[in-house]
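Here's the structure, in C-alpha coordinates; my notes come after.
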Amino acid sequence: MVMSSLNTLAIKTENKFRSLVTKRAYARGEVICDIPTEKVVDQPNRFTVQIDRNKHTDVGKLAALNHSCDPNVILDTANLSVYAAKDIEEGEELSFFYPATEWEMDAPFICLCGSSSCIHVVAGARFLPLSTLENHFLNKHIREHMIELLNNTELHLKKMQDA
Ligand SMILES: [Zn+2]
(Lines give C-alpha, C1' and ligand atoms only; values in the text may rest on other atoms or scores of the structure.)
Protein backbone atom coordinates (compact mmCIF):
# COMPACT_ATOMS: atom_id res chain seq x y z
CA MET A 1 0.00 0.00 0.00
CA VAL A 2 1.23 3.48 -0.90
CA MET A 3 1.37 5.75 2.12
CA SER A 4 0.66 9.17 0.71
CA SER A 5 -0.77 12.00 2.68
CA LEU A 6 -0.94 15.77 2.88
CA ASN A 7 0.61 15.52 6.37
CA THR A 8 4.07 15.31 4.84
CA LEU A 9 3.57 18.76 3.28
CA ALA A 10 3.82 22.15 4.97
CA ILE A 11 2.86 25.63 3.82
CA LYS A 12 5.68 28.14 4.21
CA THR A 13 4.95 31.89 4.14
CA GLU A 14 7.76 34.33 3.48
CA ASN A 15 7.08 38.02 2.70
CA LYS A 16 3.43 37.08 2.01
CA PHE A 17 4.68 34.57 -0.57
CA ARG A 18 3.28 31.11 0.04
CA SER A 19 5.03 27.92 -0.94
CA LEU A 20 4.61 24.23 -0.27
CA VAL A 21 7.58 22.35 1.19
CA THR A 22 8.00 18.66 1.90
CA LYS A 23 8.92 17.34 5.34
CA ARG A 24 10.41 14.19 3.85
CA ALA A 25 12.43 13.09 0.83
CA TYR A 26 10.86 11.43 -2.21
CA ALA A 27 12.39 9.32 -4.94
CA ARG A 28 11.54 10.09 -8.55
CA GLY A 29 8.19 8.51 -9.46
CA GLU A 30 7.03 8.18 -5.86
CA VAL A 31 3.45 9.23 -5.10
CA ILE A 32 3.34 12.19 -2.68
CA CYS A 33 -0.41 12.60 -2.16
CA ASP A 34 -3.78 12.44 -3.88
CA ILE A 35 -5.41 15.39 -5.63
CA PRO A 36 -8.48 16.28 -3.51
CA THR A 37 -11.81 16.15 -5.35
CA GLU A 38 -14.36 16.91 -2.63
CA LYS A 39 -15.19 20.28 -4.20
CA VAL A 40 -15.34 20.39 -8.02
CA VAL A 41 -16.40 23.58 -9.85
CA ASP A 42 -16.84 24.45 -13.54
CA GLN A 43 -14.65 27.59 -13.57
CA PRO A 44 -11.00 27.95 -12.55
CA ASN A 45 -9.87 30.10 -9.63
CA ARG A 46 -6.66 30.54 -7.63
CA PHE A 47 -7.41 27.49 -5.50
CA THR A 48 -8.31 25.03 -8.24
CA VAL A 49 -6.53 22.58 -10.50
CA GLN A 50 -8.15 21.57 -13.79
CA ILE A 51 -8.86 17.84 -13.85
CA ASP A 52 -11.02 17.57 -16.98
CA ARG A 53 -12.33 19.69 -19.87
CA ASN A 54 -14.85 21.53 -17.66
CA LYS A 55 -13.86 20.37 -14.19
CA HIS A 56 -11.73 22.27 -11.69
CA THR A 57 -11.13 20.86 -8.25
CA ASP A 58 -10.43 22.92 -5.15
CA VAL A 59 -7.08 21.53 -4.00
CA GLY A 60 -7.04 23.09 -0.53
CA LYS A 61 -3.52 23.03 0.92
CA LEU A 62 -2.09 22.08 -2.49
CA ALA A 63 -3.08 25.55 -3.78
CA ALA A 64 0.22 26.67 -2.19
CA LEU A 65 2.07 24.68 -4.89
CA ASN A 66 3.88 27.23 -7.02
CA HIS A 67 4.52 27.05 -10.74
CA SER A 68 7.96 26.20 -12.08
CA CYS A 69 9.14 25.80 -15.67
CA ASP A 70 11.50 23.13 -14.32
CA PRO A 71 9.18 21.45 -11.79
CA ASN A 72 9.86 18.65 -9.31
CA VAL A 73 6.32 17.28 -9.11
CA ILE A 74 3.68 16.17 -11.61
CA LEU A 75 -0.06 16.36 -11.11
CA ASP A 76 -1.58 13.36 -12.86
CA THR A 77 -5.29 14.09 -13.22
CA ALA A 78 -6.09 10.66 -14.70
CA ASN A 79 -4.95 8.94 -11.51
CA LEU A 80 -5.70 11.98 -9.30
CA SER A 81 -2.22 11.80 -7.80
CA VAL A 82 0.75 14.07 -7.20
CA TYR A 83 4.09 12.36 -7.76
CA ALA A 84 7.79 13.26 -7.76
CA ALA A 85 9.14 14.20 -11.20
CA LYS A 86 12.70 13.94 -9.85
CA ASP A 87 14.40 13.01 -6.59
CA ILE A 88 13.29 15.51 -3.94
CA GLU A 89 15.08 16.29 -0.69
CA GLU A 90 13.51 16.89 2.70
CA GLY A 91 12.66 20.60 3.12
CA GLU A 92 12.61 21.29 -0.62
CA GLU A 93 9.88 23.45 -2.15
CA LEU A 94 7.48 21.55 -4.40
CA SER A 95 6.39 23.03 -7.73
CA PHE A 96 4.62 21.91 -10.89
CA PHE A 97 4.19 23.15 -14.45
CA TYR A 98 0.78 24.87 -14.36
CA PRO A 99 0.03 24.48 -18.10
CA ALA A 100 0.23 20.68 -17.59
CA THR A 101 -3.22 20.91 -15.99
CA GLU A 102 -4.49 24.41 -16.86
CA TRP A 103 -5.81 25.26 -20.32
CA GLU A 104 -6.80 28.87 -19.61
CA MET A 105 -5.90 30.31 -16.23
CA ASP A 106 -8.03 32.66 -14.18
CA ALA A 107 -5.04 34.73 -13.03
CA PRO A 108 -2.07 34.71 -15.44
CA PHE A 109 1.30 35.95 -14.20
CA ILE A 110 4.92 36.47 -15.22
CA CYS A 111 7.30 33.66 -14.24
CA LEU A 112 10.66 34.61 -12.78
CA CYS A 113 11.90 31.05 -12.14
CA GLY A 114 15.19 31.70 -13.93
CA SER A 115 15.17 28.33 -15.70
CA SER A 116 16.73 28.29 -19.18
CA SER A 117 13.42 26.86 -20.41
CA CYS A 118 11.29 29.55 -18.69
CA ILE A 119 8.02 30.24 -20.53
CA HIS A 120 7.75 33.75 -18.92
CA VAL A 121 4.00 34.23 -19.33
CA VAL A 122 2.06 31.63 -17.36
CA ALA A 123 -1.53 31.82 -18.63
CA GLY A 124 -2.35 28.20 -19.50
CA ALA A 125 -1.44 25.68 -22.20
CA ARG A 126 -3.65 27.46 -24.73
CA PHE A 127 -1.10 30.29 -24.98
CA LEU A 128 2.00 28.14 -25.47
CA PRO A 129 3.48 26.82 -28.72
CA LEU A 130 3.45 23.06 -29.32
CA SER A 131 7.24 23.06 -29.34
CA THR A 132 7.21 24.21 -25.69
CA LEU A 133 4.36 21.97 -24.58
CA GLU A 134 5.90 18.81 -26.01
CA ASN A 135 8.80 19.12 -23.54
CA HIS A 136 6.40 18.63 -20.63
CA PHE A 137 4.12 16.03 -19.15
CA LEU A 138 0.60 17.04 -20.27
CA ASN A 139 -2.64 15.67 -18.93
CA LYS A 140 -5.23 14.07 -21.22
CA HIS A 141 -7.70 16.98 -21.05
CA ILE A 142 -4.94 19.41 -22.14
CA ARG A 143 -4.21 17.17 -25.17
CA GLU A 144 -7.93 17.12 -25.96
CA HIS A 145 -8.11 20.94 -25.77
CA MET A 146 -5.06 21.15 -28.09
CA ILE A 147 -6.64 18.84 -30.67
CA GLU A 148 -9.88 20.83 -30.54
CA LEU A 149 -8.02 24.12 -31.04
CA LEU A 150 -6.10 22.62 -33.97
CA ASN A 151 -9.27 21.28 -35.59
CA ASN A 152 -11.06 24.62 -35.16
CA THR A 153 -8.10 26.43 -36.73
CA GLU A 154 -8.10 24.05 -39.71
CA LEU A 155 -11.85 24.49 -40.11
CA HIS A 156 -11.45 28.25 -39.95
CA LEU A 157 -8.67 28.22 -42.58
CA LYS A 158 -10.76 26.00 -44.85
CA LYS A 159 -13.72 28.39 -44.57
CA MET A 160 -11.44 31.29 -45.50
CA GLN A 161 -10.19 29.36 -48.56
CA ASP A 162 -13.72 28.46 -49.61
CA ALA A 163 -15.01 31.99 -49.24
ZN1 LIG B 1 9.67 30.06 -15.52
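Counting convention: from 1, in listed order, for ligands and their atoms alike.
Salt bridge status for Glu92 with Lys86: absent, with no side-chain N to carboxylate O gap under 4.0 Å. A salt bridge links Lys140 to Glu144: one of the charged nitrogens lies within less than 4.0 Å of a carboxylate oxygen.
Looking at Ile32 and Ile88, their side chains come closer than 4.5 Å, going by heavy atoms from C-beta outward.
The side-chain contact (heavy atoms from CB on, under 4.5 Å) check on Ala100 picks up Phe97, with sequence neighbours excluded.
Near the Zn ion (ligand 1), less than 2.8 Å away, sit the protein N, O or S atoms Cys69 SG, Cys111 SG, Cys113 SG, Cys118 SG.
Under the side-chain contact (heavy atoms from CB on, under 4.5 Å) rule, Leu20 has a single partner from Ile11, Val73, Asn66, which is Ile11.
Taken together through direct or relayed side-chain contacts under 4.5 Å among Ile, Leu, Val, Met, Phe, Trp and Tyr, Val21 and Tyr83 form parts of separate hydrophobic clusters.
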